[in-house]
Protein chains: 2
Amino acid sequence: MEMIDEIDLKILRILQVDAKRTAKEIAESLHMTASPVYERIKRLEKRGFIKKYVALLNKKQLGKHVSAICMVSLRYHNEGFIDTFEKQIKELKEVQECYHMAGKVDFFLKIHLKSLEGYHEFVRTKLSKIDNIGVLESYFVLKEISHGTEFDI
Amino acid sequence: MEMIDEIDLKILRILQVDAKRTAKEIAESLHMTASPVYERIKRLEKRGFIKKYVALLNKKQLGKHVSAICMVSLRYHNEGFIDTFEKQIKELKEVQECYHMAGKVDFFLKIHLKSLEGYHEFVRTKLSKIDNIGVLESYFVLKEISHGTEFDI
DNA sequence: GATGAAAAATCCACTTT
DNA sequence: AAAGTGGATTTTTCATC
């Protein structure tokens, strides 16, 4: 796989902030014409640098008033138990993100729900059904200081 | 502000997974024509349900091999100290996300860097310069089980 | 990387239901 | 009030230089 150059990086920096910018607009800000920029974008997509394009929604407006970060430690750590846990977590649509961590905590989960009561119900009826969970600690988001999807490239 | 209907929700569900779907394609899957779908999308943008469109990049391919979640507790919790901390954190481009939490930990940070050594440097030269930090605990991501941007709507 | 042209999508005014 | 029609404009896409 060949390397990426500074022009590609500039294109990526623009698109990860605003995917609606057209090849033509990007070309202008780079003092180029639309075609090479278009070809570069297609190449960046094909080579996997751009994974996908998504719309970011306003979660408050859509009724998700509570965000929580949940730290989970498993009781048993055999391969099978970890795989099972991962599969079960992926089924839960409330869990937007899940990371397997190094250290005394096994997993971090980011969860969005409509209310604290909804969170209670979620833990009661779904998380608690996953029976290999040893320790479960919930932290609630008071304020999102920053929550971008961009990387510093 | 008026309510959103089931058609709007369907449009949002599609766009938060794939923002490149055209109004025409979405219209087909909803058994409509392009115009009303187009108008609905514009309205959803205008009313703020859609915040923005972004390209999601492949961080590994772009050299971000280490992700960490950092738990920070402040030493002093006066209004001024918290505001200052928030401002200082926002300046750090390595910090992709930062949440002010309820509970014994004040902030969660999500940080991406190119290596463990880079993380060491980041903590040494940047985080440690923020002098109201009382406790700092770092957890490293071993595996991303799921890391979507979608909400369950 | 640029040019130019065909195909497709966006965008908007207008009509219909 | 919301969906359809049609058409001008812009963008995407691709062949060629």
Can you list the residues that meet the ring-ring contact (aromatic ring centres under 6.0 Å, His included) rule with [X], with sequence neighbours excluded?
| X | answer |
| --- | --- |
| B:Tyr119 | B:Phe140 |
| B:Phe151 | A:His112 |
| A:Phe122 | none |
| A:Tyr38 | none |

Residue list, side chain to side chain contact (heavy atoms under 4.5 Å, CB included) with A:Lys93, at least two apart or on another chain | A:Lys126, B:Asp152
In chain order, what residues pass the side chain to side chain contact (heavy atoms under 4.5 Å, CB included) check against A:Lys104, with sequence neighbours excluded?
->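 Once residues adjacent in sequence are excluded, the partners of A:Lys104 under the side chain to side chain contact (heavy atoms under 4.5 Å, CB included) criterion are B:Glu137, B:Tyr139.
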Polar atom pairs (N or O), protein with nucleotides 5-9 of chain D, under 3.5 Å:
residue: D:dT5; atom: O4; partner: B:Ser35; partner atom: OG; Å: 2.8
residue: D:dG6; atom: O6; partner: B:Ser35; partner atom: OG; Å: 3.4

Axis-to-axis angle between the two ends of the helix from C:dG1-D:dC17 to C:dT17-D:dA1 (five base pairs per end, rounded to 10 degrees) = 30°
Check DNA chain C against residues 6-28 of chain A and give the residues with a non-hydrogen atom under 4.0 Å, in numerical order.
-> A:Ile7
Pairs of donor and acceptor atoms involving the side chains of residues 19-29 of chain B, under 3.5 Å and at least two apart or interchain, shall be tabulated with distances.
residue: B:Thr22; atom: OG1; partner: B:Glu25; partner atom: N; Å: 3.1
residue: B:Glu25; atom: OE1; partner: B:Thr22; partner atom: N; Å: 3.0
residue: B:Ser29; atom: OG; partner: B:Ile26; partner atom: O; Å: 2.9

Sort me out a list of protein N/O and nucleotides 14-17 of chain C N/O pairs below 3.5 Å, or just none if empty.
none

Are A:Glu97 and B:Lys110 close enough for a salt bridge, meaning some N to O gap below 4.0 Å?
-> yes
Heavy-atom neighbours of B:Glu6 CD exceed 12 at 6.0 Å | yes
N/O donor-acceptor pairs under 3.5 Å from side chains in residues 76-85 of chain A, not counting sequence neighbours:
residue: A:His77; atom: NE2; partner: A:Asp106; partner atom: OD1; Å: 3.3
residue: A:His77; atom: NE2; partner: A:Asp106; partner atom: OD2; Å: 2.7
residue: A:Thr84; atom: OG1; partner: A:Gly80; partner atom: O; Å: 2.8

